[in-house]
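A short worksheet on the structure shown next.
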Amino acid sequence: LYELELARHAHRPKERPVPSPPAPGAGVVLVVDDEPLPRQLYADVLREAGYVALEAESGTQALETARQQAVDVVLLDIMMPSMSGLEVLSKLGELIPDSPVIIVTAHPSSENAIAALRLGAFDFIVKGFKNEVMVSAVSRALQRRRLATRNRALIHQLEDKIQELLAILREHAEESNRLTARPPDR
């Protein structure tokens, strides 16, 4: 099935139709795969699902893209030349720690899955998946990122309110000290 989808995608005209602009607030997904056909297929499927899809053909290019643009979710092939997906995952964890990374591989192994999860991967899916599986994983990852971002914003607001209340308490304490330190009026 996967090979048929790739073959069908390979026979599409090279000029891709201009997709309609993504909805405001659409998630930005970075698709990283050294093989052009799967990379383009995943990006096209994500665009059709309403995401902004960026493409990178290497780990180095992925890291550069992540430095230059806001990325919400990363779809990352694990087997790539020069820099493996696990190395890229580790570096992305330092560069964009709040962006979930979904590992994609044609060569699943428990060692790779465990290593990826230890390095902070959000999910691990095996190539040959149905498009809906990928879109669902990206949707869940984006939802997690947005929830974490919202929680962080709420915590920041709460910390600001606490500082504001502490300042008011200090003012009241100082006023109270001034009033009690005054000699009584006669």
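Position 1 is the first residue of the sequence; numbering continues from there.
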**Asked** With side chains defined as the heavy atoms from C-beta onward, is the minimum distance between R140 and D123 less than 4.5 Å?
**Response** yes
**Message:** Side chains of E64 and Q68: any donor to acceptor distance under 3.5 Å?
**Reply:** yes
**Pair F129 and Y42, ring centroids less than 6.0 Å apart** = yes
Side-chain donor/acceptor pairs under 3.5 Å, residues 69-79, sequence neighbours excluded:
residue, atom, partner, partner atom, Å
D72, OD1, R145, NE, 2.9
D72, OD2, V28, N, 2.8

**Prompt:** Taking atom CZ of R39 and atom CG of L37, what is their separation to the nearest 0.5 Å?
**Reply:** 9.5 Å
**Asked** Applying the side chain to side chain contact (heavy atoms under 4.5 Å, CB included) test to M80, which of V32, L86, T60 qualifies?
**Response** V32
**Asked** Can a salt bridge be assigned to the pair E55 and R47 using a cut-off of 4.0 Å between side-chain N and carboxylate O?
**Response** yes
**Asked** Looking only at atom types and distance, does a side-chain atom of E87 sit under 3.5 Å from a main-chain N or O of S84, one as donor and one as acceptor?
**Response** yes
**Message:** Any heavy-atom pair between the side chains of K127 and T105 that's under 4.5 Å?
**Reply:** no
**Complete:** Taken to the nearest 0.5 Å, the spacing of I155 CD1 from R152 CZ works out to 8.5 Å
**Prompt:** Which heavy atom in L142 sits nearest to a heavy atom in G27, and how many Å separate them?
**Reply:** CD2-CA, 3.7 Å
**Donor-acceptor under 3.5 Å (S176 side chain, H172 main chain)** = no
